[in-house]
Amino acid sequence: FYGCESLASINLPQGITRLGTEAFSECHNLKDIVIPSNICTIEALTFFNCHSLKRVTMPESIKSIENNAFSGCAYLTDITIPKSVIAIGSGAFYNCHSIKDIIIPESITKIDEYTFKGCQSLESITLPSSLRTIGYKAFFYCRALREVTIPEGVTTIGDSAFAHCE
């Protein structure tokens, strides 16, 4: 479906076990999607630049959100990271301008580089006590972010992790 610019919605059957890299990239009019329960990974660039995507429903079967999976989803507002997720890749939510709050599950130990870079509307982030590392520019240019509580177990905060958070 890469580049199917007029695709506004799609119903995926529960039997699907994989959504490949760039499966829905550049589907500029896709508005919402429900990920089938047999999917374990949101692969790299799966929803890259789906500008109109507002809502993603992910099942508890999701273990990994790979690099740039939702990068450029400018209108994404309704997303919950399942408690089952153990890894979130670099730039996974890069330039998701409309996300206002996010809760990182306890299963996460590292927020990779650029993960939330450019999330200009992000006001609230809940970091888990399991967190050890906040990567390079992880929250760079999150202009609306006003307060962050760094968990006790964090040992590394990368360069410019919170730069330009006015």
Side-chain angles (χ1 to χ4, degrees), residues 1-135 138-139 142 151 153:
F1 295 98
Y2 183 99
C4 290
E5 292 190 26
S6 60
L7 182 68
S9 70
I10 188 165
N11 293 317
L12 298 172
Q14 287 300 314
I16 291 181
T17 58
R18 179 175 179 253
L19 295 176
T21 298
E22 298 182 312
F24 296 97
S25 284
E26 306 287 347
C27 291
H28 299 298
N29 288 304
L30 185 63
K31 293 184 180 19
D32 64 78
I33 192 155
V34 175
I35 308 294
S37 61
N38 289 328
I39 303 291
C40 295
T41 301
I42 306 295
E43 293 192 21
L45 302 163
T46 299
F47 298 100
F48 177 76
N49 277 344
C50 290
H51 303 298
S52 298
L53 189 63
K54 290 183 179 185
R55 181 179 45 231
V56 176
T57 305
M58 288 189 275
E60 286 296 325
S61 61
I62 300 294
K63 303 282 186 237
S64 175
I65 300 171
E66 292 186 350
N67 296 352
N68 299 99
F70 297 99
S71 180
C73 294
Y75 292 101
L76 185 61
T77 57
D78 190 358
I79 189 160
T80 300
I81 299 172
K83 293 176 183 175
S84 57
V85 171
I86 59 172
I88 301 173
S90 174
F93 297 96
Y94 184 146
N95 280 341
C96 291
H97 302 301
S98 301
I99 293 177
K100 290 190 177 188
D101 58 80
I102 200 96
I103 297 171
I104 307 295
E106 283 294 326
S107 51
I108 298 295
T109 59
K110 179 181 183 183
I111 296 176
D112 223 332
E113 62 189 16
Y114 308 112
T115 300
F116 295 98
K117 181 181 176 189
C119 293
Q120 298 176 19
S121 298
L122 187 63
E123 297 172 355
S124 170
I125 181 113
T126 302
L127 300 174
S129 60
S130 59
L131 193 64
R132 300 295 174 255
T133 302
I134 298 172
F139 296 97
C142 291

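Being a predicted model, the structure only gives us computed values, none of them experimental.
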Backbone N/O of Glu5 and side chain of Asn29: donor-acceptor pair under 3.5 Å: yes
Considering all heavy atoms, the nearest Ala74-Ser98 contact: O-OG, 2.7 Å
pair Ile88-Ile111: side-chain heavy atoms closer than 4.5 Å: no
Inter-residue atom distance Ser64.OG - Ile39.CD1, 0.5 Å rounding: 12.5 Å
Side-chain heavy atoms of Ile103 within contact of Thr80, under 4.5 Å: no
Check: Leu45 main-chain N/O paired with Ser25 side-chain donor or acceptor under 3.5 Å: yes
Flag side-chain contact, heavy atom, 4.5 Å: Phe24 against Leu53: no
Test item: Thr133 side-chain N/O and Lys110 main-chain N/O as donor-acceptor pair under 3.5 Å: no
Over all atoms of both residues, closest heavy-atom pair of Gly118 and Asn95: CA-OD1, 3.5 Å
Between CG on residue Asn49 and CD on residue Glu26, distance to nearest 0.5 Å: 4.5 Å
Euclidean distance, Thr41 OG1 relative to Ile62 CD1, rounded to 0.5 Å: 7.0 Å
Smallest separation among heavy atoms of Gly72 and His51, with atom names: O-ND1, 3.4 Å
Inter-residue atom distance Thr21.OG1 - Ile42.CD1, 0.5 Å rounding: 11.5 Å
Side-chain touch Phe93/Leu122, heavy atoms, less than 4.5 angstrom: no
Spacing of Ser71 atom OG and Phe47 atom CZ [to the nearest 0.5 Å]: 13.5 Å
Over all atoms of both residues, closest heavy-atom pair of Tyr2 and Glu22: CD1-O, 3.7 Å
Side-chain touch Ser37/Gln14, heavy atoms, less than 4.5 angstrom: yes
Side chain Glu113, main chain Gly91, donor-acceptor under 3.5 Å: no
Any donor-acceptor pair under 3.5 Å from His97 side chain to Ser121 backbone: no
Closest non-hydrogen atom pair, Pro59 against Ser84: O-OG, 4.3 Å
Option passing side chain to side chain contact (heavy atoms under 4.5 Å, CB included) with Ile102 (candidates Thr126, Ile79, Thr115): Ile79
CZ (Arg55) with more than 12 external heavy atoms under 6.0 Å: no
Main-chain N/O of Lys83 paired with Ser107 side-chain donor or acceptor, under 3.5 Å: yes
Nearest-0.5 Å distance, OG1 of residue Thr46 to CD1 of residue Ile65: 10.5 Å
Validation row: Ile81, Ile108 side chains within 4.5 angstrom (heavy atoms): no
Sub-4.5 Å side-chain heavy-atom contact between His28 and Ser52: no
Closest approach of Ser129 to Pro151 (non-hydrogen atoms, all atoms of both residues): CA-CB, 4.0 Å
